[in-house]
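A quick write-up on the structure given underneath.
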Amino acid sequence: MKRALVTGGSGQIGAAISRQLAQEHLHVIVHAHRNRAAAEEVTNQIIGAGGSASVACFDVSDTQATQRALAQILEAGPIQVLVNNAGVHDDAPMAGMRADQWSHVIAVSLGGFFNVTQPLLLPMIGTRWGRIITISSVSALLGNRGQTNYAAAKAGLHGASKSLAREVASRGVTVNVVALGFIESRMVEQSCKPEKIEALVPMKRAGTPQEVAYLVGFLASEKADYISGQVIGLNGGMA
């Protein structure tokens, strides 16, 4: 059975992705940082539905902690599907943004991409088959007021993924990015009124975590063998 690691798997989008990959007959390692209970709940849902899953807890922005955690995970064999979903936002206009707001968002999203992906590459390449899928944002394509840090981190993921896709293309490993628009979540519900979403999104609605999971599940499958180095928008027509 192939194994998948979903960072940020304890959140709403990560949970949907984890459940979908389990339905695709992968053993899913559901990652969390602080919220282990939520990751365990997702894992129990997967097992209850007949799937296979386990939990991993570490801070993706902490290089050494991530290396230790991944070394333990790799003792059981390579990870062949990696979904880089962990990320944070800490919004402020740049004129009033603190240095720690900038560095923390970059460290989790962009630093976390390196910290998690790099140690998994050689074992994945050794199997001659792998999928690296990174969750980004329409903010990286369009920009967004108050999110220079977040947009910079996500845009960095696009360049890193395109470059990595070229490095591993001949080894049977694909690398793609899914750039999300408004997706139903507690954060979106708190920060965006329905009329704002209607004004900004041509489809007049937010997407669902399950719609994200369907796309990730496809990119993780053998049906997507010839798709690599792409930034695929899932945003209702915003970009």
Side-chain angles (χ1 to χ4, degrees), residues 6-21 23 30-35 38-39 41-42 45 60 83-98 101-102 104-106 108-110 112-113 133-159 161 176-220 224 227 230-239:
V6 180
T7 68
S10 59
Q12 288 170 283
I13 293 172
I17 292 170
S18 297
R19 290 190 293 264
Q20 184 65 37
L21 293 179
Q23 289 179 22
V30 182
H31 163 267
H33 177 200
R34 295 186 179 91
N35 199 349
E41 182 179 349
V42 176
Q45 291 171 355
V60 299
V83 182
N84 288 302
N85 173 63
V88 295
H89 70 94
D90 192 353
D91 299 350
M94 191 163 183
M97 184 176 289
R98 302 187 312 273
Q101 288 179 287
W102 176 271
H104 179 58
V105 170
I106 299 289
V108 174
S109 289
L110 194 52
F113 170 86
I133 302 155
T134 297
I135 305 302
S136 175
S137 169
V138 71
S139 295
L141 302 172
L142 299 177
N144 193 26
R145 291 179 179 176
Q147 289 193 327
T148 54
N149 51 0
Y150 185 75
K154 295 301 189 181
L157 293 172
H158 296 186
S161 296
N176 292 291
V177 176
V178 177
L180 303 181
F182 292 102
I183 304 297
E184 291 175 2
S185 65
R186 286 180 291 272
M187 182 182 73
V188 168
E189 290 170 3
Q190 292 169 1
S191 62
C192 296
K193 296 180 180 179
E195 52 267 29
K196 180 180 179 181
I197 293 174
E198 284 191 17
L200 293 174
V201 181
M203 287 189 180
K204 305 296 184 186
R205 68 172 179 88
T208 68
Q210 187 57 51
E211 286 172 322
V212 179
Y214 284 142
L215 176 55
V216 173
F218 169 71
L219 291 173
I227 302 172
Q230 303 305 303
V231 177
I232 301 169
L234 190 73
N235 53 51
M238 291 178 69

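Numbers for residues simply follow the sequence, beginning at 1.
Here Met238 contributes atom CE and Ser139 contributes atom OG; the two are 7.5 Å apart, rounded to the nearest 0.5 Å. Rounded to the nearest 0.5 Å, atoms OG (Ser10) and CZ (Arg34) are 11.0 Å apart.
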Which atom pairs, donor and acceptor, lie under 3.5 Å between side-chain atoms of residues 211-220 and protein residues at least two apart or in another chain?
| unit_1 | atom_1 | unit_2 | atom_2 | d |
| --- | --- | --- | --- | --- |
| Glu211 | OE1 | Arg205 | NH1 | 3.3 |
| Glu211 | OE1 | Thr208 | N | 2.9 |
| Glu211 | OE1 | Thr208 | OG1 | 3.4 |
| Glu211 | OE2 | Arg205 | NH2 | 2.9 |

Donor-acceptor list for residues 148-155 side chains, cut-off 3.5 Å, not counting sequence neighbours:
| unit_1 | atom_1 | unit_2 | atom_2 | d |
| --- | --- | --- | --- | --- |
| Asn149 | ND2 | Asp90 | O | 3.0 |
| Asn149 | ND2 | Gln101 | O | 3.2 |
| Lys154 | NZ | Ile135 | O | 3.2 |

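His104 pairs by the side-chain contact (heavy atoms from CB on, under 4.5 Å) definition with Val88, Val108, not counting sequence neighbours. For Ala239, the side-chain contact (heavy atoms from CB on, under 4.5 Å) partners two or more places apart in sequence, or in a different chain, are Val138, Leu141, Leu142, Asn235. For Gln210, the side-chain hydrogen bond (donor to acceptor under 3.5 Å, both in side chains) partners two or more places apart in sequence, or in a different chain, are Gln20. Taking the side-chain contact (heavy atoms from CB on, under 4.5 Å) definition, one finds that Gln230 meets it with Asn176, Ile227, Ile232, sequence neighbours left out. Remark: His89 pairs with Asp91 by the side-chain hydrogen bond (donor to acceptor under 3.5 Å, both in side chains) rule, at least two apart or across chains. Residues forming a side-chain hydrogen bond (donor to acceptor under 3.5 Å, both in side chains) with Asn84 (at least two apart in sequence, or on another chain): Thr117, Thr134. Residues satisfying the side-chain hydrogen bond (donor to acceptor under 3.5 Å, both in side chains) test with Ser136, not counting sequence neighbours, are His158.
Nearest heavy atom pair, residue Gly236 against residue Pro202, reads O-CD, 3.4 Å. Of all heavy-atom pairs spanning Val231 and Ala179, the tightest one is CG1-CB, 4.1 Å.
For Asn35 (side chain) and Ala38 (main-chain N/O), a donor-acceptor pair under 3.5 Å exists by modelled atom type. Distance alone, capped at 3.5 Å, is enough to place a donor-acceptor pair between the Asn85 side chain and the Gly8 backbone.
At a threshold of 4.5 Å between non-hydrogen side-chain atoms, the residues Leu110 and Leu157 count as touching. Contact of the Glu184 side chain with the Pro209 side chain is registered, since non-hydrogen atoms from C-beta on lie closer than 4.5 Å.
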